[in-house]
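Below: the structure, in C-alpha cells.
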Amino acid sequence: RRSGQLGGWSSFRLLASMDKLLSRASALVGLGPACTPSITFSDESSRKRVTSYKDGQQEQVLVFTDKDPVAGEVTLKLDPGKRLEHMGVKIEFIGMIEMFYGNYHEFTNLVRDLDAPGELTQTKVYQFDFASVDKQYDSYNGINVKLRYFLRVTVARQYSPNVVFEQDMWVKNIQTMPPEINNSIKMEVGIEDCLHIEFEYNRSKYHLKDVVIGKIYFLLVRLKIKHMEIEIRKRESTGSGSDLYNESETITKFEIMDGAPVRGESVPVRLFLSGFDLTPTYRNVNNKFSVKYYLNLVLVDEEDRRYFKQQEITLWRKEL
Amino acid sequence: ADLAMAEQQLTPEEQQARWLEEGKAVVKQQAFLMKRALDNTNLRDGLKYGSNMLCELRTGLLSPKNFYELYIMVADEMRHLEQYFLEEWKRGRRMVELYELVQHAGNIVPRLFLLITVGSVYIRSKEAPARDILKDLVEMCRGVQHPMRGLFLRNYLLQCARDKLPDIGSEFGSDVGDGIDFLMHNFAEMNKLWVRMQHQGPVRDRERRERERLDLRILVGTNLVRLSNLEGIDAEMYKTQVLPRILEQVVSCKDQIAQQYLMEVIIQVFPDEFHLRTLEEFLATCPQLQSGVDVKAILVALMNRLAAFAKAEPAQVPSDVDMLAIFHSHVAKMTGSNTLELAASLDLQVALVNFALGFAPDRLDFVDQTLAVCAELLQANGESRLQGPAKHSTVQLLKTPLLSNGQPLTILALPHYAGLMIYLPLESRSEVATLAVRMLLSNKTPVPTPEQVDSLLNFIQPLVKDVEEDGPNELDEEEMDAEQNLIAALIHNFRSDDTDTQYAILVGSRKHFGQGGPRRIKYTLVPVVFRALQLAEKIRKEEEGERAGTVSIKKVFGFTLETIKGLASAEPVMALRLFLQASLIANKCGEDKIAYELVSQAFILYEDEVSDSKVQMELVLEAAGTLFRLDRLDPEDYDTLVTNTTKHAARLLKKPDQCRAVYTCSHLFWNAGVKYEDGRTFQDGKRVLDCLQRSLKIADVCMQSSNNVNLFIEILDRYLYYYEAGNEKVTVKYIQGLLDLVNEHLSTMEAGQELDALRGHYQSTLAHIRRKKTAGDEKFAELSV
C-alpha cells in the first residue's frame, strides 16, 4: 500500500507544478527565460532555517511563526539588452494543503500587485509586505498530506507563458501558555488472571523537548515476560468519510525493562522526547487532516507474544 | 551437515566456552573502536561503540561465572569511557547534558551502564548533590529485572559509587544517612533479584541454580560490606537505622540460601561492638528464619566471634548486658526444640562454652552447666561410642575449655567434664588426653595431690593403659614412643612438697602405670623410680631436722624395689641398671642393708635374664663401678658382692672381655672407702695380685689366637698403679717382666696403624716411669726402660 501512495504522490506533483514546468520547457527550447525572479526576505539573516525536502531536493527554508510579517524584495533579473513586455507583476502569499490523491486546497491566498502592465528594460526590484498575514497552521510534511506556505511571483504575459517563481517558507507556531489542563495518565490494564499492570505517565500533554516520566507497576504477573518497551507512534489521518486514510508510523522503540518482574515490582520510565522527529499534535487541520501521537506500552513474553496498551498524548511546541 | 552435527555434539561446557569467546571477541573489537573514537574526541562514535560493547551484556546464554568474566572485561573498558567523560567535564562540558544524552540509548542494559558511568563523573563534578544522583541511579536500575544482569548492573553501580558515598568527612556530602539509604536500597533490590533466581526456570535445574546463586552471593554481600565501611555509622545508628532494615529484608525475602548467607555476612562484616549492642535484635530474628536455615551455624559464628573479641578486648565488653544469659536462653530454646541433630546441638553447646570462657573466664560453673546439658544429650542419644560429626563435636566440647582456660586441672575438676570421655572412641579420647597432657607440660603445672593424679590418669587412660573394650592397641613404635615420652615427662609434674603426699602420689600413679603393659612401662616406671629415689633423698635430708612426715625411707625403698621388679621381666637390663642406681642412693642415705639387697637383686637378674655377652660385659663393668662406691656396706657383705662380681667377670664369654673385667675388678679389692669396725680398710693386696695375675694369664691365652698386645700394656698400667699405691704384693719384678714382654711383642709386630697406636699408649706409660725415675723415686730405680 505504501508504494501505491508514493505513486500517487508523484503524479500529483506533476499537475501542481505545471506552470513551472512550462517556464522551464520554454528555457529548454532555446527561448531563454524572459527574466529570473528571486525573493529575499527583509529579516533573512536573523531567521532560523530548517531543512525541507521539495521534489526530492533538500533545501534550506526560513522559519516563520504565526504573526511574523512576511516582507522583503522581489527581484526580476533581466539579462542586459533584453526587454520584457508584461501584463502585470504580482506576488501571492499562499497556504495550501496538498493531498496525495491530487487534491489541493488553498486555505490562504493574499495577493499584492507589484507592477502595472508595462515593459521591463532592466532588472527591477519590488518591495512587498504581507504585514499581518495569518499563518495559523504549521507547515507539515506527512505521508499522505503536506501543508505548505509559499510566496508565488507571477509575471503575466499576453502571448507567452507567465513567468512563475515560488519560494517556500516553514511555519512553526509556538504555544506560549502551557496547557491549562494537563493531567497525568494513569490506568490499570491487564488480562484476567494473567497480567495486571498499572501505568502512570506524569502528563497527558508534552512539549516537544519534554521528558515523559512514568512508572509501571506490576500487580499480577503470570507471564514470562522478556522485556518491555515504550513506542512513540504517530497517526496521520487524512480525508473524511469513505475517503478517510490513516497512516501509522512508529517513531521510536525505547526499551524500559529487561527481564521478568514479579508482583509488586515497579519500573521507572524516563523518555526524553528531544531528538525524535516529532511535530505537535494536529487536530482536524482545516478539516483536512489530523496528526496524533500515542505512547504504546508493549510487553513481550518469552514466546514473543506482544501485549500492549496505547495511550494518546498531546504534543505541543513550546519554543522553536 | 557435518558442521551441524558437530554443533549439536558440543557439551554444555564447550557451548558455554564458545559463547564466552564470541562475546569477548565482540567486546574487544568494539572497545578498540570506542577507544579510537575517543582518542579522536569523537564522543558520538565513542558512545555508539561503547553501547555496542555493552550490548554483549544483554546475553542470557552465559552461566554466572562466564558472565562475570565478560562483565569484568567490559567494566574494565568502561574506565576509558569514564576517563573520557571526566576530560569532557574538564573541557567545560556540563555533566547534566551528558547525563541526558546517554539516556537516549534505546536498549536498557547499555543505557544504564552508560548512565552509571556518567553519573560517576557527574558526582565528581559536584554539579549536583551526590545523594540525588545516587538516588536516581539506584532507582533507574529497577528497569533491569533480569536477576543476573540486574545483579551485575547494580554491582557496577556499587563499584562506581564506592568512593563517592556521602559519609562523615566525605567531600560528597557529610550525611551518612544518605549513604545508608543508597546502600540499603541497592541491597534490597539486589537481594530480591538474587532470591528470584531461585524461582525462575524449570524445577529439574534447581541444583544448578542453587550452585549459580552461591556463585553470585558475594555481589549481594558487597552492599553490606560497603555499609560496614561507612565511617559515620556508630553503634547507636547501627542499632536504630541499619540493622533493623537489613534484618527486615532478610526476614521478608523468605529464602533459605539468602537468609543463611546474609546472617553470616552481618556477623562477619560489622564490628563486634555493634553486635554486642544488638544481640537481642539479632537473635530475635533467628526464629523467624526459614526452617531450612542453619541457625545453629549462625549462633555458633556469632558466639565464637564475640568470644574472641572478649578475649582480645576485655575492657570493651559492656557490663550491663548479661551475654551469658541471653545466649544461654537462645541455645536452650533451640536445643529444646528437638529439631536439631545431635551434632548440631553439641556444636551449639561448644560455641556456648567457648563464648562463656571468652566472656566470663571465671564462670566455670556455667561451663559445667553446659557440659551437664551435653551429658544429658549424649545419654539420651544412647550410642556408647560416637561416630561422625557428633564425635567431632564432642571432641571439640572437651578441647575447647582446655584450650581456652589453659588449666587442665581446673577443667578436669569440673564435675561433668571427664565423664563425657566415655562417649568417645579410643582415638578421640587419646586426642583429648594428649592435649591435656601437652597443656600441663607447657604450663609446667604441678599435679600436687594423689586425688588429682588419680583423676588425671583416669582421664588420660588411653595413654596410660589399654582397656579391653577398646580392642588391641595399634600404635606403632614411633607413635608409642612419642606418646609415652609425654607421659614420662608428665610424671615429673606429679609433685608435692609434702613427702607423705608425694609418696601417696607415687604409689597411686604406679598403680595406674603398672597396668600399662610391657610397651608402656619401660617409659613410665623409670621416672616413677627416679621420683621415688628423689623422695628418699629428700626424706633423709628432712630427717636431719624436724620431720613432719611419717613415711620412712625403708618404705620408699621398698616401693622402689617393687617398682623395679615390676619392670624386671619386661626390661631386665633396664631394671638391673635401676637396681644399681637405687643402691647408690640407698648407700648415700646410709641404708647399707637395702643397698646390699638392691645389688643382690641386680645379680639375680644378671644371672637369670642377661645372656647377651656384650651386655654382660657392660653390666659387669657398671656393677663394679657401682660397688666401688658403696662405701657404707658391711665389709662382709661387700666381700660377698665383690667376689660375686669377680666371678662373673671371669666367666664372660670373650677372653679379652674377661681379661679387662678381671683387672677392673682388682680395684674392688683395694677399696679404701670400705672399712671394718676396727678401722681397717678393705685393701687386700694378695687378692688384687690374684686378679692381675689371672688377667695376665687370660691375656696370654688371647695372644695365641690374635694379637692383643694392648691387653699387656693395660695390665702393665694396673701393676704400676698398685705398685705406686703401695700394694706390697705387687713387686718390681712383675713390672720388669711385663715391660720385657711388651717390648718383645712390639718388636715382632708388623708396622702399621695398629702398631703406632700401641706404641703411643706404651710410650706414655714409659714416659710416666721415666718421670718417676728422674724425680728420684727410689721404687723405680731398679726398673730399666
Side-chain angles (χ1 to χ4, degrees), chain A residues 195 197-200 202 208-232 250-278 295-304, chain B residues 44 47 51 54-55 57-60 67 96-115 119 135-154 185 188-189 191-202 252-255:
Chain A
L195 178 73
I197 62 173
E198 187 181 292
F199 63 82
E200 185 176 357
N202 59 334
L208 296 179
K209 289 174 183 164
D210 215 342
V211 192
V212 179
I213 306 281
K215 209 154 200 172
I216 319 292
Y217 300 91
F218 289 85
L219 308 176
L220 177 78
V221 187
R222 293 214 176 119
L223 296 170
K224 288 178 179 170
I225 295 171
K226 204 159 67 176
H227 62 100
M228 175 167 70
E229 59 195 25
I230 284 191
E231 296 173 345
I232 301 178
T250 301
I251 304 287
T252 190
K253 287 182 177 181
F254 188 75
E255 190 183 22
I256 57 166
M257 186 184 75
D258 168 39
V262 294
R263 197 165 64 97
E265 286 293 352
S266 65
V267 168
V269 177
R270 183 185 296 158
L271 174 57
F272 289 92
L273 296 177
S274 64
F276 299 120
D277 187 16
L278 299 173
L295 288 180
N296 192 24
L297 183 69
V298 185
L299 290 110
V300 181
D301 74 7
E302 285 186 346
E303 276 135 47
D304 283 328
Chain B
R44 205 184 165 78
L47 287 177
S51 194
L54 287 163
C55 272
L57 293 182
R58 298 177 72 207
T59 180
F67 190 85
V96 67
E97 279 172 27
L98 273 182
Y99 198 70
E100 181 187 325
L101 179 66
V102 294
Q103 292 188 67
H104 286 103
N107 283 313
I108 187 158
V109 170
R111 177 165 77 237
L112 290 177
F113 271 98
L114 288 172
L115 188 67
K135 205 170 181 175
D136 189 54
L137 290 173
V138 82
E139 177 65 24
M140 290 310 283
C141 283
R142 280 172 175 273
V144 179
Q145 293 286 328
H146 183 276
M148 191 165 70
R149 293 192 284 272
L151 282 171
F152 279 98
L153 175 73
R154 287 181 179 276
H185 190 161
E189 291 300 321
N191 192 43
K192 275 195 277 180
L193 292 170
W194 188 45
V195 169
R196 197 181 297 164
M197 280 183 86
Q198 188 74 19
H199 309 291
Q200 293 183 347
S252 66
C253 79
K254 291 190 165 51
D255 177 81

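The figures here come from the full heavy-atom set of this structure, side chains too, leaving out hydrogens, waters and symmetry mates. In what follows, chains are A, B, ... by sequence order, proteins preceding strands, each numbered from 1. The shown structure was predicted, so the numbers you read here are calculated from the model rather than taken from an experiment.
- Judged purely by atom type and a 3.5 angstrom limit, B/Arg196 uses its side chain to pair as donor or acceptor with the backbone of A/Ala260.
- Residues of residues 144-151 of chain B lying under 4.5 angstrom from chain A, judged on non-hydrogen atoms, are B/Val144, B/Gln145, B/His146, B/Arg149 in numerical order.
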Please report, to 0.1 Å, the donor-acceptor pairs under 3.5 Å made by any side chain of residues 268-278 of chain A, with sequence neighbours excluded.
{"from": "A/Arg270", "atom 1": "NH1", "to": "B/Gln103", "atom 2": "OE1", "distance (Å)": "3.1"}
{"from": "A/Arg270", "atom 1": "NH1", "to": "B/Asp136", "atom 2": "OD2", "distance (Å)": "3.0"}
{"from": "A/Arg270", "atom 1": "NH2", "to": "B/Asp136", "atom 2": "OD1", "distance (Å)": "2.3"}
{"from": "A/Arg270", "atom 1": "NH2", "to": "B/Asp136", "atom 2": "OD2", "distance (Å)": "3.3"}

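- With chain B as partner, the option from A/Ile216, A/Ile256, A/Val267, A/Thr252 having the largest number of non-hydrogen pairs under 4.5 angstrom is A/Ile256.
- For the atom pair B/Asn107 CG and A/Glu229 CD, the distance stands at 9.0 Å (nearest 0.5 Å).
- Both the backbone and the side chain of A/Ser266 come within contact range of chain B, with heavy atoms under 4.5 Å apart.
- Judged purely by atom type and a 3.5 angstrom limit, B/Arg111 uses its side chain to pair as donor or acceptor with the backbone of A/Glu255.
- Rounding to the nearest 0.5 Å places CD of B/Glu139 at 4.0 Å from NZ of A/Lys215.
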